[in-house]
Amino acid sequence: MTAVLDNKRAGKAKAGRPQVNDRDKTATRLLGSSAKNSFDPALDIDWDAEPVEGLWHMQPERMSLYGTALWDSLSEQQRIELSKHEVLSIARVGLWFEVLLMGMLAAHAYDQDPASPHTQYALTEIGDETRHSVMFARWADKFGGSDYKVHPVVHTLGKVFRLVAPTGPSMWAGTLVAEELLDRLQRDAMNDDRIQPMTRMVSRIHVIEEARHVRFAREELVREMATAHWGPKRYFHRVLAAAAAGFIVRGLISPKVYASVGLDAKAARKAALANPNYRDTARWMGEKIIPFLEDVGMTNRTARAIYRRANLMA
Ligand SMILES: [Fe+2]
Ligand SMILES: [Fe+2]
């Protein structure tokens, strides 16, 4: 909340005397970090490298069927093949949300002073997300392409979210959920030598650059929550952010992935949703962001019920 107070003080400063507020201080730091520590996946990833025989594409313990009878029925080779499809499905959801986020950030920047570090950082983040989306698309293409786009209903709801969320704090809260859930998976994957080098490099690039996005969104959310009015608007945004989180978590693994190893999509999806290990994984993914949303006041009874249903909260 100190950030909010600093901004208020800066706003009361004498006219004509430029003040560096807390918002711009953060943005200046993030712009410096972006200049020093950014990647170009087109050059920084060896796209010609072939997958290494016997290595996983994601951590088996984080896969949707791990620990189930269906998992036991698969050979090691099938499990590794499924890991490729699950990680590409997750990346496709990440790409879907990144494209939405780019639209929201552009709309946010449209209303701001382009001379401010805050606006310049928002524009820089759009650049990061552009490179990430191309990286995810190219990664999927490298492994034979994938048809794991989000469900058509979720695709349409995404368009609504892109228009409605920037009217309040759910833009930042929804962004944080998408970024921080993925971050937990990728942070572990990038340091695990059981994982394919390409997955590790994609994860590393994403983790390093997303850390800035998370800082930016967390601080913006705190500011928005301090100024948002009580009443229907606040209720609406709390529920909207939770609904977005629910759709993201439920959509991470497309039922189509199971066909890649000869499993029935419906039966495997059912087993995944009932899998206690996969539920624990969802909770683990939400372990950092959900308490933060609670702390800043982004939850209410309805939102908590949605987070629980999505297994993001105990
Ligand atoms: Fe990203
Ligand atoms: Fe991001």
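In each ligand, atom 1 is the first atom listed, and ligand 1 is the first ligand listed.
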Tell me if the aromatic rings of H108 and W172 count as close, with their centers under 6.0 Å from one another.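 Yes, close enough.
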Any ring-ring contact (aromatic ring centres under 6.0 Å, His included) pairs touching residues 295-314, not counting sequence neighbours?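 Applying ring-ring contact (aromatic ring centres under 6.0 Å, His included) to every pair that reaches into residues 295-314, excluding sequence neighbours, yields nothing.
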Minimum side-chain heavy-atom gap P197-V52 below 4.5 Å: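 Sidechains of V52 and P197: in contact.
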State whether E219 and R223 are salt-bridged, where the test is any N-O pair (Lys NZ or Arg NE/NH1/NH2 against Asp/Glu carboxylate O) under 4.0 Å.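 Judged by the 4.0 Å cut-off on N to carboxylate O distance, E219 and R223 do form a salt bridge.
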Residues E50, K142: salt bridge by 4.0 Å N-O rule: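 A salt bridge links E50 with K142.
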Check for me: within less than 2.8 Å of the Fe ion (ligand 2), which protein N/O/S atoms show up?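 Protein N, O or S atoms closer than 2.8 Å to the Fe ion (ligand 2): E129 OE2, E179 OE2, E210 OE1, E210 OE2, H213 ND1.
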Measure the NE2-CE distance between H237 and M171 for me, rounded to the nearest 0.5 Å.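 Result: 11.5 Å between the selected atoms.
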